Amino acid sequence: MTASEDPAAAPSFRLVYVPGVMPDKWVRIWRERQPGVPLELTQVTAAEAPGALLAGEADAGLVRLPVDRDVLSAIPLYTETTVVVVPKDHLVTAADEVGVDDLADEIVLHPLDDVLGWQAPPGRPALERPATTADAVELVAAGIGVLVVPLSLARLHHRKDLTHRPLTDAPASGVALSWPVEAHTDLVEDFIGVVRGRTVNSTRGRQRTEADTKKAGTKKPDAKKSDAKRSGAKKPERGGGGRAQQTGGPRRAPKGQKGGRPRRRP
């Protein structure tokens, strides 16, 4: 059975991503460039992503920073805007952006899957922390409090009765491409090229194969020499005096005769 007949033997690239990240563009480019290498896409929570990479369950991941740089390599991609999610009729909607001090009198929900990493959010704490961001959004809609999250999560959990405003002076969440330090494969390097916008012909970062090295070290034959060999042309032979013998020039007069034009009889 060949690799094409056995799906288990065919190469694939396994990518995990966290909620809020939109990998669609990169996945499309990968499938255009690597039609023979399927990309397996799996969503995991922000807390689960590092463990999935270290356990070998994925080749790379679009994760939230920070990660443990001793065991995981990471290329930061972007940092998100932090926003506060509120009901549409909330007072803060009158402003284009909100400061942390503006939330001093608000109940600020702090879900257990928070990705902003602050120990004590502003405002007043709720009696109980919601289990997930989705649960916290439901509480905001019920008028129980407000929620501070990265912009992508506010859009992911969008509701018609809620809105959001940028929150200044608040922690921000960064997104990175990450993979195990000891598993920097060619496929990982290919995906790095995709997210960094390298062209399809770019070889930056990839090791050249033995075949590429041999090809680069092989010189093309000289075109003039090849044409001469095909036509059978030979170099002119040299005579005893070192000068090339002439084949089509004027002939010398035999001995005893003078050269030049013949004299006319009177």
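Side-chain atoms are counted along with the backbone in the values below, which use heavy atoms only and exclude waters and symmetry mates. None of these values were measured; they are calculated from a predicted model. This chain uses plain numbering: 1 for the first residue, then up along the sequence.
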Close side-chain approach of [X] and [Y], heavy atoms under 4.5 Å:
X: Asp24; Y: Arg28; answer: no
X: Phe191; Y: Thr185; answer: no
X: Asp68; Y: Pro50; answer: no
X: Leu153; Y: Val115; answer: yes
X: Leu62; Y: Leu77; answer: yes

What are the two closest non-hydrogen atoms of [X] and [Y], and how far apart are they?
X: Ser12; Y: Leu187; result: O-CD1, 3.7 Å
X: Thr93; Y: Pro87; result: CG2-O, 3.8 Å
X: Pro76; Y: Ala74; result: CD-O, 3.7 Å
X: Ile192; Y: His184; result: CD1-NE2, 4.0 Å
X: Val108; Y: Pro121; result: CG1-CB, 4.0 Å
X: Arg129; Y: Pro111; result: NH2-O, 2.9 Å

Same hydrophobic cluster for [X] and [Y], using side-chain heavy-atom links shorter than 4.5 Å among ILVMFWY?
X: Val98; Y: Val148; value: yes
X: Val137; Y: Leu116; value: no
X: Val18; Y: Val175; value: yes
X: Ile75; Y: Leu65; value: no
X: Leu151; Y: Leu147; value: yes

Can you tell me how far apart [atom1] ([X]) and [atom2] ([Y]) are? Round to the nearest 0.5 Å.
X: His158; Y: Thr163; atom1: NE2; atom2: OG1; answer: 8.0 Å
X: Asp89; Y: Leu162; atom1: CG; atom2: CG; answer: 10.0 Å
X: Asp135; Y: Leu109; atom1: CG; atom2: CG; answer: 10.5 Å
X: Leu15; Y: Leu177; atom1: CG; atom2: CG; answer: 7.5 Å
X: Glu57; Y: Glu40; atom1: CD; atom2: CD; answer: 12.5 Å
X: Ile107; Y: Leu139; atom1: CD1; atom2: CG; answer: 10.0 Å

Is it the case that atom [atom1] in [X] sees more than 12 heavy atoms from other parts of the structure closer than 6.0 Å?
X: Arg159; atom1: CZ; result: yes
X: Glu32; atom1: CD; result: yes
X: Leu112; atom1: CG; result: yes

Val27 vs Phe13, side chain to side chain contact (heavy atoms under 4.5 Å, CB included): CA-CA, chis, key distance, verdict: CA-CA 11 Å; Val27 171; Phe13 185 71; over 6 Å; no
Donor-acceptor pair between Asp113 and Thr133 side chains, under 3.5 angstrom: yes
Sidechain N-carboxylate O distance under 4.0 Å for Lys88, Asp161: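 Looking at Asp161 together with Lys88, the answer is no, because their closest N to O distance does not fall below 4.0 Å.
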Donor-acceptor pair, distance only, cut-off 3.5 Å: does the side chain of [X] make one with the backbone of [Y]?
X: Arg14; Y: Gly56; result: yes
X: Trp30; Y: Val37; result: yes
X: Ser73; Y: Ser178; result: no
X: Thr82; Y: Pro171; result: yes
X: Arg64; Y: Ser173; result: no

From CA spacing to verdict: side chain to side chain contact (heavy atoms under 4.5 Å, CB included), Leu167, Glu97: CA-CA 6 Å; Leu167 183 65; Glu97 62 181 25; over 6 Å; no
Full working for side chain to side chain contact (heavy atoms under 4.5 Å, CB included) between Leu39 and Gln34: CA-CA 9 Å; Leu39 190 150; Gln34 302 277 4; over 6 Å; no
Derivation of the side chain to side chain contact (heavy atoms under 4.5 Å, CB included) call for Val149 and Val83: CA-CA 6 Å; Val149 290; Val83 300; 4.3 Å; yes
